[in-house]
Amino acid sequence: MSIPTITPNELKEKLANGENLAIVDVREHEEVAEGMIPEAKHIVMGTIPEHLDQFDKETEYIFVCRSGRRSENVCHYMQDQGFKVRNMVGGMLEWTGNTK
């Protein structure tokens with residue numbers, strides 16, 4: 001099954017419009033230390049299975065990583081678990097918005 005996507009610019013626009021989005025950054029700690037989307041929650045990719053209780057099946061989650069490949073893998077896993085997902089293509093390499 002294909003994974004729905006969102007571009008960094010589309011995400012930046014939605015945030016600018018005040019949309020309440022569930023963004024999850026799945027990069028490693030040292031990558032996140034270089035900056036992450038302020039509205040994002042950080043859960044390292046390898047620990048997603050043990051954090052499933054923090055996700056709601058009625059919410060769509062946007063997953064982010066450095067280039068979009070790891071987040072796409074997480075999206076496949078989460079979709080298999082019955083969650084609504086979207087992958088930010090291009091990842092943080094293409095993000096031009098604010099970081100914290």
Side-chain angles (χ1 to χ4, degrees):
M1 192 181 318
S2 69
I3 299 294
T5 61
I6 187 168
T7 67
N9 281 340
E10 288 169 337
L11 179 57
K12 192 165 68 170
E13 202 172 287
K14 285 178 177 291
L15 289 170
N17 290 336
E19 289 188 42
N20 187 14
L21 304 170
I23 305 166
V24 181
D25 191 320
V26 299
R27 295 176 298 156
E28 297 296 320
H29 295 288
E30 60 274 10
E31 293 174 288
V32 168
E34 296 171 9
M36 66 184 269
I37 299 168
E39 295 81 359
K41 180 177 184 176
H42 180 222
I43 304 176
V44 176
M45 177 180 173
T47 67
I48 291 282
E50 61 206 57
H51 288 96
L52 285 180
D53 61 338
Q54 295 178 25
F55 293 91
D56 171 25
K57 297 213 171 165
E58 298 306 308
T59 302
E60 179 183 75
Y61 294 93
I62 298 169
F63 288 94
V64 176
C65 70
R66 188 181 71 88
S67 69
R69 183 169 301 273
R70 280 176 287 173
S71 52
E72 183 180 12
N73 289 336
V74 171
C75 283
H76 282 290
Y77 172 78
M78 293 299 284
Q79 198 172 54
D80 288 347
Q81 304 305 311
F83 293 98
K84 298 175 192 162
V85 298
R86 190 169 288 260
N87 184 35
M88 188 175 90
V89 292
M92 290 303 287
L93 290 173
E94 293 186 18
W95 177 255
T96 57
N98 292 334
T99 59
K100 66 172 180 184

Counting C-beta onward and ignoring hydrogens, is there a side-chain heavy-atom pair between [X] and [Y] closer than 4.5 Å?
X	Y	result
F55	V85	no
I37	D25	no
R66	L93	yes

If I take atom [atom1] from residue [X] and atom [atom2] from residue [Y], how far apart are they, to the nearest 0.5 angstrom?
X	Y	atom1	atom2	result
Q79	N87	CD	CG	11.0 Å
S71	R27	OG	CZ	10.0 Å
L15	E39	CG	CD	4.5 Å
E50	I48	CD	CD1	9.5 Å
I62	R86	CD1	CZ	7.0 Å

Is there a path of hydrophobic side-chain contacts, each under 4.5 Å between heavy atoms of I/L/V/M/F/W/Y residues, joining [Y] to [X]?
X	Y	value
V89	M92	no
V24	V64	no
Y77	M45	yes
V26	V44	no
F83	F63	yes

Test of understanding: with salt bridge (charged side-chain N to carboxylate O under 4.0 Å, His left out), list the residues that count as partners of E28, not counting sequence neighbours.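 E28: no salt bridge (charged side-chain N to carboxylate O under 4.0 Å, His left out) contacts found.
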
[X], [atom1]: over 12 other non-hydrogen atoms inside 6.0 angstrom:
X	atom1	answer
N98	CG	no
K14	NZ	no
N20	CG	no

Side chain to side chain contact (heavy atoms under 4.5 Å, CB included) partners for H76, two or more places apart: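 I3, E72.
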
Just jot down the side chain to side chain contact (heavy atoms under 4.5 Å, CB included) partners of E10, sequence neighbours excluded, or say none. I6, T7

Shortest non-hydrogen contact between E60 and A22, atoms and distance: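 For E60 and A22, the tightest heavy-atom pair comes out as O-CB, 3.6 Å.
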
Tightest non-hydrogen contact, residues W95 and P8, listed as CZ3-O, 3.4 Å

Which residues pass the side-chain hydrogen bond (donor to acceptor under 3.5 Å, both in side chains) test with S2, sequence neighbours left out? none

For K41, side-chain hydrogen bond (donor to acceptor under 3.5 Å, both in side chains) partners two or more places apart: Q54

Name all pairs fulfilling the ring-ring contact (aromatic ring centres under 6.0 Å, His included) condition that reach into residues 1-45, sequence neighbours left out, sorted by first residue then second. H29-H42

Step-by-step side-chain contact (heavy atoms from CB on, under 4.5 Å) determination, T96 to N9: CA-CA 8 Å; T96 57; N9 281 340; 3.9 Å; yes

Do Y61 side-chain atoms and D56 backbone N/O form a donor-acceptor pair below 3.5 Å? yes

Under a 4.0 Å threshold between the charged nitrogen and the carboxylate oxygen, would E31 count as salt-bridged to R70?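 A salt bridge is present here (some side-chain N lies under 4.0 Å from a carboxylate O).
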
